[in-house]
Engineer: 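My questions all concern the structure below.
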Amino acid sequence: MKVIDAHCDVLMKMYDNENIQFDDHLYLDVTNSRLLKSNTLMQCFAIYISERIQNPNIDHILQYIHIFHEKVLKFDHIIQVKNKSDLQSALSENKIGAMITLEGVDALAGNLTYLRILYELGVRCIGITWNYGNWAADGVLEPRHAGFTLKGKQLIEQCNDLGIILDVSHLCEKSFWDFVQINQKPFIASHSNVFDICKHVRNLKKDQILEIINNKGRIGLSFVPYFVNTSEDVYISDLLKHIEYICEIGGQNHVGFGSDFDGIDLWMNDLSHTGDYITLKEALLKHYSEDIVDGFLYKNWFDFFENNLPKI
C-alpha cells in the first residue's frame, strides 16, 4: 500500500506553537512516524494563514516555508517534491515526498510578482480562497458570491503560465464557474466531498464534479466528518458512498484523498490520523479490486502530478 494525501494543515499547528515538532502525536494528526506507518508516498503540506492573523503578508508565508524546511525536511527519508523527477525519486527510492501548497492567496495582497518567488521556493499548488472572499475571488461563505475579480483572473493566467496547479476547494459556485472560463490547465479540488451525499456548502455539486473529470483533474475526498455525513458518528462506510458516487458518474480514475488532518477539531470514528490509512485500505478492499484501491490511495494522484508537475 502507498498513499498520496493532497491536503493537511500540520504547518499551521507548528507555526502556532513553536514547541511542536513533526513527530508529536499529542498535538498532530500527521507525523513523521505515522507517514512511515501508512507507507505514504507523498503528503501535501498547506500554507494556511489562520483567520486569527490580521493583515497576513508574504512574511507569514515565508515563515511557514522556513518551518517546513526546519521541521519536516530534517528527516533524511523526506524529500521535497518540486517536479516530476522528485516524485519519481520518492517512488523509486522509497522516500516520502513532501509538496508545499498554498491555501488562500490573501497574504499575496494582490502582488502577482510573488507568484514566481513562491514557485522558486517550491510552491506547486495554490487554492485561491479559504471560506471567505479575498482580493482574487469569493469563497463558499462569502455572502456576496461575486466570483473572480479582474486581478483574480490574472492570477489564474499567471499560475497557468508558471506551471502552478490550481485548487478549487473552498471556492463558491460563481467563483468555480468563473475559474473554469479562464483556466487552461487540469485542476484539482484537494479536499472536497460530494454535495449529493452530504449537503454541506463545502462539497461539490454533480456538475462541478463532472467538470473536474472532463478537465482531467482530481478530487481529494476529505475526512472532515461533517463533509462526509450529517450525523454525529461518522465512519469509513459513510466515506465510501462519496467514492462510489464519483465512480458511478465516470470518475473512478479521478478520485483520491485530501484528509484535511490537523485542520480539523472533529474526526471520523475510525479515521482520526494519517496512520489510519491502513484501516481505510482494508475497508476499500472489501468493495473494490486491489488495482482500483491503489488508484484511490495514490495512483490517481501520482498520475496527475506526474503529468502536471514540471519535468525538472
Engineer: So which heavy atom on Ile78 is nearest to which on Val72, and how close?
Structural biologist: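 Between these two residues, the closest heavy atoms are CD1-O, 3.6 Å.
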Engineer: Would you check if there is a donor-acceptor pair between the side chains of Thr279 and Asp270 at a distance under 3.5 Å?
Structural biologist: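 Not at all, the side chains of Asp270 and Thr279 share no donor-acceptor pair under 3.5 Å.
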Engineer: Starting at CD1 of Ile292, measure out to CD1 of Ile243 and round the result to the nearest 0.5 Å.
Structural biologist: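 Atom-to-atom, Ile292:CD1 and Ile243:CD1 are 11.5 Å apart.
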Engineer: Can you see which heavy atom on Phe176 is nearest to which on Gln208, and at what distance?
Structural biologist: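 Reported closest heavy-atom pair: CG-NE2, 3.3 Å.
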Engineer: Do the side chains of Ile96 and Leu73 join up, straight or via other hydrophobic residues, at under 4.5 Å, putting them in one cluster?
Structural biologist: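 They do share one cluster, since a chain of ILVMFWY contacts under 4.5 Å joins Ile96 to Leu73.
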Engineer: Apply side-chain contact (heavy atoms from CB on, under 4.5 Å) to residues Ile209 and Ile249 and explain how you reach the verdict.
Structural biologist: CA-CA 9 Å; Ile209 295 170; Ile249 61 173; 3.7 Å; yes
Engineer: Treating Lys71 as the side-chain partner and Glu18 as the backbone partner, does any N or O pair qualify as donor plus acceptor under 3.5 Å?
Structural biologist: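 Judged by distance alone, yes, a pair lies under 3.5 Å.
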Engineer: For the residue pair Met14 and Gln21, establish whether any side-chain heavy-atom pair is separated by less than 4.5 Å.
Structural biologist: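 When only atoms from C-beta onward are counted, Gln21 and Met14 do not touch, as no gap falls below 4.5 Å.
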Engineer: Within the 3.5 Å criterion, strictly below it, is a donor on Thr101 or Arg124 matched to an acceptor on the partner's side chain?
Structural biologist: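 No donor-acceptor contact under 3.5 Å links the two side chains.
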Engineer: Where do Asp196 and Tyr245 land on the side-chain hydrogen bond (donor to acceptor under 3.5 Å, both in side chains) test, with the steps shown first?
Structural biologist: CA-CA 9 Å; Asp196 283 348; Tyr245 181 97; 2.5 Å; yes
Engineer: With distance as the sole criterion, is a donor-acceptor pair present between the side chains of Tyr277 and Glu282 under 3.5 Å?
Structural biologist: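 No pair is found: no donor N or O on one side chain lies under 3.5 Å from an acceptor on the other.
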Engineer: Please find out if less than 6.0 Å separates the ring center of Phe179 from that of Phe187.
Structural biologist: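 Yes, close enough.
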Engineer: In Å and rounded to the nearest 0.5 Å, what is the CG to CZ distance from Leu87 to Phe304?
Structural biologist: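 Leu87 CG to Phe304 CZ: 12.0 Å, rounded to 0.5 Å.
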Engineer: Considering only heavy atoms from C-beta outward, does the side chain of Ser89 approach that of Lys95 to under 4.5 Å?
Structural biologist: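 No, every pair of side-chain atoms sits at 4.5 Å or beyond.
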Engineer: If only side-chain N and O atoms count, and only distance matters, is there a donor-acceptor pair under 3.5 Å linking Glu306 with Gln88?
Structural biologist: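 Gln88 vs Glu306: donor-acceptor pair found between side chains.
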Engineer: Is the shortest heavy-atom distance from the side chain of Ile126 to the side chain of Leu115 under 4.5 Å?
Structural biologist: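 Yes, close enough: below the 4.5 Å cut-off.
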Engineer: Work out which heavy atom in Pro225 is nearest to a heavy atom in Val234; give both atom names and the distance.
Structural biologist: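 Reported closest heavy-atom pair: O-CG2, 3.7 Å.
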Engineer: Is the ring pair Phe75/His77 parallel, tilted or perpendicular, if the boundaries are 30 and 60 degrees?
Structural biologist: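 Plane angle between 30° and 60°, so tilted.
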Engineer: Identify, with sequence neighbours excluded, every residue that meets ring pair (Phe, Tyr, Trp, His ring centres under 6.0 Å) alongside Tyr226.
Structural biologist: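 Listed in chain order: His200.
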Engineer: Going through the checks in order, is the side-chain contact (heavy atoms from CB on, under 4.5 Å) test met by Tyr119 and Gln158?
Structural biologist: CA-CA 11 Å; Tyr119 180 84; Gln158 292 207 20; over 6 Å; no
Engineer: If we ignore angles and hydrogens, is there a donor and acceptor under 3.5 Å between the side chains of Asn111 and Thr113?
Structural biologist: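 Yes, a side-chain donor-acceptor pair sits under 3.5 Å.
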Engineer: Could you tell me whether the side chains of Glu103 and His191 share a donor-acceptor contact shorter than 3.5 Å?
Structural biologist: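 On atom types as modelled, these side chains qualify, holding a pair under 3.5 Å.
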Engineer: Kindly indicate, with the supporting measurements, whether the criterion side-chain contact (heavy atoms from CB on, under 4.5 Å) is fulfilled by His25 and Ser33.
Structural biologist: CA-CA 9 Å; His25 291 182; Ser33 58; 2.7 Å; yes
Engineer: Could you check whether any side-chain heavy atom of Asp24 comes within less than 4.5 Å of a side-chain heavy atom of Thr31, counting everything from C-beta outward?
Structural biologist: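 No. Closest side-chain heavy atoms not under 4.5 Å.
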Engineer: Tell me if the CZ atom of Arg144 is crowded by more than 12 foreign heavy atoms within 6.0 Å.
Structural biologist: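 Enclosed.
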Engineer: If Ile, Leu, Val, Met, Phe, Trp and Tyr residues are connected whenever their side-chain heavy atoms lie under 4.5 Å apart, and connections chain through other members, are Val194 and Tyr235 in the same group?
Structural biologist: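 The answer is no; the residues belong to distinct hydrophobic clusters.
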Engineer: Regarding Arg218 and Asp303, does a basic nitrogen lie under 4.0 Å from an acidic carboxylate oxygen?
Structural biologist: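 Between Asp303 and Arg218 there is no salt bridge, as every charged N stays at least 4.0 Å from the carboxylate O atoms.
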Engineer: Measure the CG-CD1 distance between Leu41 and Ile4 for me, rounded to the nearest 0.5 Å.
Structural biologist: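 These two atoms lie 4.5 Å from each other.
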Engineer: For a quick test of reading the model, state the closest non-hydrogen atom pair linking Asn160 to Ile182 and the distance between them.
Structural biologist: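 Taking Asn160 first and Ile182 second, the nearest heavy atoms are OD1-O, 4.3 Å.
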Engineer: If I take atom CG from residue Asn193 and atom CG from residue Leu221, how far apart are they, to the nearest 0.5 angstrom?
Structural biologist: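 With rounding to 0.5 Å, CG (Asn193) is 5.0 Å from CG (Leu221).
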Engineer: A quick test of your reading: do over 12 heavy atoms of other residues, nucleotides or ligands sit less than 6.0 Å from CG of Asn307?
Structural biologist: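 Above 12, so yes.
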Engineer: Would you confirm whether Ser222, through its side chain, and Val224, through its main-chain N or O, come within 3.5 Å as a donor-acceptor pair?
Structural biologist: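 Indeed, once roles are kept as given, a pair shorter than 3.5 Å links the two residues.
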Engineer: Among Val201, Asn203, Leu171, find the one that has a side-chain contact (heavy atoms from CB on, under 4.5 Å) with Val140.
Structural biologist: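 Of Val201, Asn203, Leu171, side-chain contact (heavy atoms from CB on, under 4.5 Å) with Val140 is met by Val201 alone.
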Engineer: Does a sphere of radius 6.0 Å around NZ in Lys199 hold more than 12 heavy atoms from other residues, nucleotides or ligands, not counting ones at 6.0 Å or beyond?
Structural biologist: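 Enclosed: over 12 neighbouring heavy atoms sit under 6.0 Å from NZ of Lys199.
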Engineer: Is there a side-chain contact between Lys151 and Leu112, using heavy atoms and a 4.5 Å cut-off?
Structural biologist: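 Sidechains of Leu112 and Lys151: in contact.
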Engineer: Are the side chain of Asn83 and the backbone of Pro310 linked by a donor-acceptor contact shorter than 3.5 Å?
Structural biologist: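 Checking the backbone N and O of Pro310 against the side chain of Asn83, no donor-acceptor pair under 3.5 Å is found.
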Engineer: Is Lys2 close to Asn94 at the side-chain level, that is, under 4.5 Å between some pair of heavy atoms?
Structural biologist: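 When only atoms from C-beta onward are counted, Lys2 and Asn94 do touch, with a gap below 4.5 Å.
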Engineer: Are Leu91 and Val3 co-members of a hydrophobic cluster defined by side-chain heavy atoms under 4.5 Å apart?
Structural biologist: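 No.
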Engineer: Taking the ring centre of each residue, are Phe257 and Phe296 less than 6.0 Å apart?
Structural biologist: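 No, they do not, as the ring centres are separated by 6.0 Å or more.
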Engineer: Report yes if the side chains of Ser169 and Arg202 come closer than 4.5 Å at any heavy-atom pair, otherwise no.
Structural biologist: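 Yes; the side chains approach each other to less than 4.5 Å.
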Engineer: Less than 6.0 Å separating the ring centroids of Tyr48 and Trp130?
Structural biologist: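 Under 6.0 Å, so yes.
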Engineer: Using side-chain contact (heavy atoms from CB on, under 4.5 Å), reason through Phe68 and Gln80 one step at a time and then give a plain yes or no.
Structural biologist: CA-CA 10 Å; Phe68 174 77; Gln80 184 173 6; 3.8 Å; yes
Engineer: Using the rule that two of Ile, Leu, Val, Met, Phe, Trp, Tyr join whenever any of their side-chain heavy atoms come within less than 4.5 Å, decide whether Ile100 and Phe305 are in one cluster.
Structural biologist: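 No, separate clusters.
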Engineer: Quiz question: by atom type and distance under 3.5 Å, do the side chains of His170 and Ser175 form a donor-acceptor pair?
Structural biologist: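 No, because no side-chain N or O of His170 sits under 3.5 Å from a partner of the opposite role on Ser175.
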Engineer: Give the minimum heavy-atom separation between Ser38 and Thr274, together with the two atoms involved.
Structural biologist: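 Taking every non-hydrogen atom into account, CB-O, 3.4 Å.
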Engineer: In the structure I gave you, are the side-chain heavy atoms of Asp262 and Tyr27 within less than 4.5 Å of one another anywhere?
Structural biologist: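 Of all side-chain heavy-atom pairs linking Tyr27 with Asp262, none is under 4.5 Å.
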Engineer: Please determine whether a side-chain nitrogen of the Lys or Arg among Lys153 and Asp178 lies less than 4.0 Å from a carboxylate oxygen of the Asp or Glu.
Structural biologist: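 The answer is no: the pair does not qualify as a salt bridge.
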Engineer: Would you give the length of the straight line joining atom CD1 of Ile188 to atom CG of Leu166, rounded to the nearest 0.5 angstrom?
Structural biologist: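 If we round to the nearest 0.5 Å, Ile188:CD1 and Leu166:CG are 9.0 Å apart.
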Engineer: Before accepting this row, confirm whether a basic side-chain N of the pair Lys13/Asp9 lies closer than 4.0 Å to the acidic partner's carboxylate O.
Structural biologist: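 No, Lys13 and Asp9 are not salt-bridged.
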Engineer: Go through the side-chain N and O atoms of Asp167 and Ser190 and say whether any donor and acceptor fall under 3.5 Å apart.
Structural biologist: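 Yes - a donor-acceptor pair under 3.5 Å links their side chains.
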Engineer: Between Ile219 and Ser192, what is the shortest heavy-atom contact and its length?
Structural biologist: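 The answer is CG2-O, 3.6 Å.
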Engineer: Does Lys205 make a cation-pi contact with Phe195, if we ask for NZ or CZ under 6.0 Å from the ring centre and within 45° of the axis?
Structural biologist: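 Pair Lys205/Phe195 counts as cation-pi.
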Engineer: side-chain hydrogen bond (donor to acceptor under 3.5 Å, both in side chains), that's the test. Do Asp29 and Trp267 meet it? Break it down for me.
Structural biologist: CA-CA 10 Å; Asp29 305 328; Trp267 294 265; 3.1 Å; yes
